[in-house]
Amino acid sequence: MKYSKLLIPTLKETPSEAEAVSHILMIRGGYIRQLAAGLYISLPLFLRVMEKINTIIRQEMNRIGAQELSLPVLHPAEVWQKTGRWDAIGDEMFRLRDRTGRDMCLAMTHEEIMTWLAAKELRSYRDLPQMWYQIQTKLRDEARPKSGILRTREFIMKDSYSFDADLDGLNKSYELHAQAYHRIFTRCGLLFYQVESDPGMMGGSTAHEFMAPSDAGEDEIALCGRCGYSANVELAVSQPPEYPTIDMPFEEVHTPEVKTVAEVSKFLGLPSHCFIKSLLLIAKDGAVLALLRGDEELHEDKTKRIIGQYRPAHKDEIREILGVEAGFIGPINMINKEIRVIASNSLKSGLYVSGANKKDYHIKGINPEIHFSTNNKEHKTLKLSGKMPEVHCLVVWRDIRVIREDERCVTCGAPLKIRKVIEIGNIFKLGVKYSVPLNAVYLNKEGSEVPIIMGSYGIGPARVAAAAIEQNNDENGIIWPMSIAPFSVLILPLSVSDDETTKAADLICTALNGKGIDFLIDDRDMRPGIKFKDADLTGIPYQIIIGAKNLKDGLIEIKDRRTKETMKMPPDTTVDYIIRLMVML
RNA sequence: CGGGGCGUAGCGCAGUCUGGUUAGCGCACCUGCCUUGGGAGCAGGGGGCCGGAGGUUCGAAUCCUCUCGCCCCGACCA
């Protein structure tokens with residue numbers, strides 16, 4: 001392919017709207033252009049990268065027995081209404097009406113349509129299992145598109161769906177996908193982790209995400225270097241750091257106008273881990289008191305999984321519900337109040353200071369082993385009858401804390417690392433969440449009607465490309481992994497007006513063509529400096545540099561974009577040398 | 001949706017606070033000469049509804065009101 005025939009509008013300067021490295025380099029390298037917020041045009045080079053990634057995906061999906069098909073991007077509302085998602089999903093779904101006034105939406109994912117097809121076409125256990133996938137456009141009216149193509153309103157997604165007769169089958173399909181994903185991302189030259197993830201609103205039991213480490217990522221994962229534990233921080237667990245108990249009597253202390261953990265800690269001269277941080281939350285079915293150790297932070301997602309959607313209580317609500325000003329609330333004298341209390345596991349033992357539920361007072365020496373009780377009615381009765389007066393609070397022990405870097409792994413005790421990552425793929429065990437409402441059932445051997453067990457599995461090819469750039473670049477530009485580079489080789493005839501140079505370039509083109517290697521030749525009548533800069537920026541893995549000076553000695557030069565190493569050799573051996581390099585990769 | 005920033009030539013920016021020649025600089029672009037191993041040099045040239053609308057004023061890129069767009073942080077993310 002000739003450079004002069006391709007639209008590759010490279011930029012010398014960094015565009016002001018780009019922040020992420022991959023975003024900057026994709027724009028500067030002439031890969032993409034922005035049409036509007038979250039909407040991008042793929043230029044020829046980027047399209048080639050996407051095609052290479054999609055080819056790898058297809059090969060690996062086909063290899064596990066999945067079949068490719070293509071579904072509409074415009075959907076009738078009815079299917080989505082049947083699963084309840086028409087109402088459950090808010091502004092993120094693009095909605096419209098057709099000319100007859102019928103409600104329609106644009107596909108943000110395809111569980112409904114795939115399940116609809118399964119309901120129509122799959123009848124018997126003999127039809128199962130099936131794995132169907134497509135590489136198609138998805139549309140989501142994102143609240144905040146960001147970081148170039150990492151979060152857009154329209155994007156390509158490989159989504160596949162498995163249909164099995166039973167859980168064993170689902171587990172097999174799930175495992176096959178996990179293996180395929182490992183092969184895909186490895187072949188794409190990415191560093192990545194498979195981590196446990198929150199099944200969330202997809203509605204399922206098990207879920208994993210495939211995460212590529214990058215500072216541009218929106219997610220964070222916790223990693224154990226020793227045992228391999230890895231999880232999204234949305235659900236990652238760790239051993240809370242342990243501190244020696246500081247002895248203190250059980251007594252009230254006057255703490256006028258001293259409210260936050262930091263203030264009380266300073267006032268009493270005690271470290272923050274000696275405190276119980278009490279937060280009043282308003283959940284759908286009432287107020288919830290969350291107790292954390294003073295050095296901990298409440299984890300919103302973990303908490304939501306326990307009490308559902310919630311918000312922090314306002315100051316006047318605290319006064320109304322607990323009868324005390326914010327800043328002095330705590331687990332004391334809570335036993336008669338009809339408020340759920342959820343306490344962080346780290347508070348199970350030790351001695352603590354917390355608000356006394358009395359203005360300007362805190363209480364020292366709270367001993368959860370004595371003053372807290374697990375959630376059973378018995379203690380309440382005993383307390384009320386005066387037999388166990390020391391119990392102040394009925395608690396449920398839960399993991400509701402945010403984990404931190406270097407805390408200990410719960411399985412092996414090694415320090416955990418936290419990494420920012422780009423989510424490049426995910427796999428979910430859906431179960432019957434979609435097959436039941438859409439009546440996707442089959443007849444089993446016994447002749448009874450049973451819902452199909454489903455799984456769903458996604459990959460964002462553009463995110464794979466972005467992650468590859470994030471992980472492979474230098475001050476001069478992109479360094480593509482060979483497998484997904486737009487071209488394998490870039491030929492740089494430094495002067496297109498020099499006959500010897502052109503002749504040598506032609507020779508190499510012919511040889512590369514003969515070997516089926518995809519190459520680009522920079523045939524532009526430009527100064528060498530420009531060609532070198534563009535070559536490095538666009539990131540094609542190998543450069544064959546043909547200059548008059550080396551040619552006088554019968555030599556041309558091969559440069560490895562990644563290592564910057566160069567090798568001089570006669571033109572007729574160049575192509576074989578390149579092939580050897582490519583095989584080594 | 002909340003907070004912040006920015007809209008001036010294709011790109012990157014100055015000018016705006018403190019209103020006043022013909023709105024400026026670098027890069028890119030066009031013509032010519034010259035040059036050809038890391039974004040050359042010289043000479044000449046084209047390109048602007050200063051995001052949009054309304055207002056204040058003798059006069060608005062500049063002040064006021066409204067509005068649209070883009071980016072960043074947060075919320076959201078099926």
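Convention: sequence-line order gives letters A, B, ...; per-chain numbering from 1. Only this structure's heavy atoms are used, side chains among them; waters, hydrogens and symmetry mates stay out.
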Answer yes or no for A/Arg48 and A/Phe487: cation-pi contact, defined as NZ/CZ to six-membered ring centre under 6.0 Å and angle to ring axis within 45°. yes
Can you tell me how far C1' of B/C11 sits from CD1 of A/Ile24, to the nearest Å? 14 Å
Each nucleotide of nucleotides 68-75 of chain B classed B (base within 4.0 Å of a protein heavy atom), S (only sugar-phosphate) or -, in 5' to 3' order, makes --SSBBBB
Under the side-chain hydrogen bond (donor to acceptor under 3.5 Å, both in side chains) rule, collect the residues that match up with A/Thr563, sequence neighbours excluded. none
Roughly how many Å is it from OH in A/Tyr457 to P in B/A78, rounded to a whole number? 18 Å
What donor-acceptor contacts under 3.5 angstrom involve side-chain atoms of residues 33-42 of chain A, with partners at least two apart or in another chain?
from    : atom 1 : to      : atom 2 : distance (Å)
A/Arg33 : NH1    : A/Ile27 : O      : 2.9
A/Arg33 : NH2    : A/Pro9  : O      : 2.6
A/Gln34 : NE2    : A/Ala36 : O      : 3.1
A/Tyr40 : OH     : A/His23 : NE2    : 3.2

By side-chain hydrogen bond (donor to acceptor under 3.5 Å, both in side chains) - contacts of A/Thr510 (at least two apart): none
From CD of A/Glu423 across to C1' of B/A78 the rounded distance in Å is 12 Å
With A/Asp98 via side chain to side chain contact (heavy atoms under 4.5 Å, CB included) - residues at least two apart: A/Thr100, A/Arg102, A/Met104
Contacts of A/Asp215 meeting side-chain hydrogen bond (donor to acceptor under 3.5 Å, both in side chains) (sequence neighbours excluded), chain-then-number -> none
Partner set under side-chain hydrogen bond (donor to acceptor under 3.5 Å, both in side chains) for A/Ser488, not counting sequence neighbours: A/Asp518
Quick test of your reading: applying salt bridge (Lys or Arg N to Asp or Glu O under 4.0 Å), list the pairs with at least one residue in residues 466-480 of chain A, sequence neighbours left out, ordered by first then second residue. A/Asp474-A/Arg561, A/Asp474-A/Lys564, A/Glu475-A/Lys564
Summarise protein proximity over nucleotides 32-40 of chain B in one line of letters, 5' to 3': B for base, S for sugar-phosphate only, - for none, counting protein heavy atoms closer than 4.0 Å. ---BBBBBB
Mind jotting down which residue pairs meet the salt bridge (Lys or Arg N to Asp or Glu O under 4.0 Å) criterion with at least one end in residues 519-534 of chain A? Sequence neighbours excluded, please. A/Asp522-A/Arg524, A/Arg524-A/Asp534
Strictly below 4.0 Å, heavy-atom distances to any atom of RNA chain B: list the hits from residues 89-96 of chain A, or just say none. A/Ile89, A/Glu92
Span that lies between the P atom of B/G44 and that of B/C27, in whole angstrom: 15 Å
Rounded to the nearest Å, what distance is computed from the CD atom of residue A/Glu13 to the C1' atom of nucleotide B/C25? 12 Å
Return the set of residues passing side chain to side chain contact (heavy atoms under 4.5 Å, CB included) with A/Trp86 (not counting sequence neighbours), or none when no residue passes. A/Ala77, A/Trp80, A/Gln81, A/Met93, A/Arg95, A/Asp103, A/Cys105
